[in-house]
Amino acid sequence: MTDHRTSARSRVKSTKPMTIALRSRRRGGGGGGSSSNNNNNNNNNRDDKFSIALILKYYHYVFALALLLSLIIIFIIIITNEHQQPQPLPLPRAITPFPAPKVMDLPQFQGHHKESLYWGTYRPHLYLGIRARTPRSLLAGLMWIGITDGTYSMRHVCQDSDHLTTYGWTTHNGRDYGHQLIVDNHVTLATSFIKSFSNRHHGYGGDWALRINVTKTEE
């Protein structure tokens, strides 16, 4: 009995130094891991400092690159929005003309009727203007010099800046007769237009004449 107890005690005693050795090894291994972690942290700090220094050194290039990229992105967004906008629908229009002759080509508008309308007061926006119904026609009109605010100015085109008291046709039949009065300050111009077909040797469109009477009223 004594021999078995002594052997068991010896076994227990022999296991204690082994556990102490393992603990010492574990402690030693833990110390080596902490040193490697410190080295890794130092390397990371160095990398961060290097990257920050690099950015500070070339910050203007980085800023220019970022600005360029932002402008490109904005341009792409604007272009895509323009293409995505709905286009207005085209207005319908008549492709085939109305199958009928022109009004002026009808028989009732030919002959003497067409000739009687050849000459007339067909120049709009003028105090007085006469021409023929053809693209290359003789142009006749009226011009005079008036006084506006103490300065001389030419009268020809109807303008509010001329400050005329009155102008315009008082009588006109749209064919061969017209009469108008123009009052410019203290000057009155009376124009009369007449057209005649009584002469056998008249030209195409008849003979026409224009008479202008000028009177001055005292202040």
Side-chain angles (χ1 to χ4, degrees), residues 32-106 109-110 114 117-169 172 174 178 180 182-185 191:
S34 62
S35 63
S36 63
N37 290 329
N38 292 328
N39 292 328
N40 291 329
N41 292 329
N42 293 329
N43 292 329
N44 291 330
N45 292 330
R46 290 176 183 175
D47 293 337
D48 293 338
K49 291 180 180 179
F50 177 75
S51 60
I52 292 171
L54 187 64
I55 292 173
L56 292 176
K57 184 176 181 180
Y58 300 102
Y59 72 94
H60 49 283
Y61 295 109
V62 175
F63 178 76
L65 182 60
L67 182 62
L68 180 62
L69 290 176
S70 62
L71 291 176
I72 292 173
I73 293 171
I74 293 171
F75 178 75
I76 292 172
I77 292 172
I78 293 173
I79 292 298
T80 54
N81 289 332
E82 288 181 355
H83 287 292
Q84 291 177 358
Q85 289 180 356
Q87 298 294 331
L89 296 176
L91 297 176
R93 61 178 182 177
I95 299 174
T96 304
F98 183 70
K102 295 181 180 180
V103 175
M104 296 304 299
D105 294 337
L106 296 175
F109 294 105
Q110 301 299 318
K114 184 177 181 180
L117 295 173
Y118 187 72
W119 288 100
T121 55
Y122 302 137
R123 298 185 66 190
H125 307 298
L126 301 180
Y127 293 115
L128 177 63
I130 300 171
R131 63 166 298 162
R133 301 177 68 177
T134 181
R136 296 182 179 181
S137 170
L138 172 69
L139 302 179
L142 175 64
M143 290 184 183
W144 75 96
I145 296 176
I147 300 175
T148 303
D149 297 331
T151 59
Y152 294 98
S153 59
M154 182 71 70
R155 311 280 201 246
H156 180 56
V157 181
C158 298
Q159 302 180 100
D160 292 336
S161 59
D162 292 338
H163 301 294
L164 299 186
T165 304
T166 182
Y167 68 91
W169 297 98
H172 205 302
Q180 75 166 334
I182 302 173
V183 180
D184 185 3
N185 293 327
T191 64

Donor-acceptor pair, side chain of Arg133 and main chain of Gly120, under 3.5 angstrom
no
Specify the closest pair of heavy atoms between Asp162 and Tyr127, including all atoms of both residues, with the distance to one decimal.
OD2-OH, 2.7 Å
Quiz question: by atom type and distance under 3.5 Å, do the side chains of Arg136 and Thr134 form a donor-acceptor pair?
no
Show your working on side chain to side chain contact (heavy atoms under 4.5 Å, CB included) between Val183 and Leu164 and close with a plain yes or no.
CA-CA 6 Å; Val183 180; Leu164 299 186; over 6 Å; no
Using atom types as modelled and distance alone, determine if a side-chain donor or acceptor of Asn185 lies under 3.5 Å from a backbone N or O of Ile147.
yes
Any side-chain heavy-atom pair of Ile79 and Phe75 under 4.5 Å
yes
Taken to the nearest 0.5 Å, the spacing of Ile73 CD1 from Leu68 CG works out to 10.0 Å
Please round to the nearest 0.5 Å and tell me the distance separating atom CD1 of Ile182 and atom CZ of Arg155.
10.5 Å
Give me the atom names and distance for the closest heavy-atom approach of Asp184 to Gly146.
OD2-CA, 3.8 Å
Taken to the nearest 0.5 Å, the spacing of Leu69 CG from Leu65 CG works out to 4.5 Å
Could you check whether atom CG of Leu67 has more than 12 heavy atoms from other residues, nucleotides or ligands sitting under 6.0 Å from it?
yes
Non-hydrogen atoms of Ser137 and Ala132 that approach each other most closely:
OG-N, 2.8 Å
Is the shortest heavy-atom distance from the side chain of Arg123 to the side chain of Ile130 under 4.5 Å?
no
Could you tell me the separation between the CG atom of Leu128 and the CD atom of Gln180, rounded to the nearest 0.5 Å?
6.0 Å
Which value, rounded to the nearest 0.5 Å, describes the distance between Ser153 atom OG and Ile145 atom CD1?
8.5 Å
State, to 0.1 Å, how close Tyr167 and Cys158 come at their nearest heavy-atom pair, and which atoms those are.
CE1-SG, 3.7 Å
OH of Tyr122 to CZ of Arg131: how many Å apart, nearest 0.5 Å?
10.5 Å
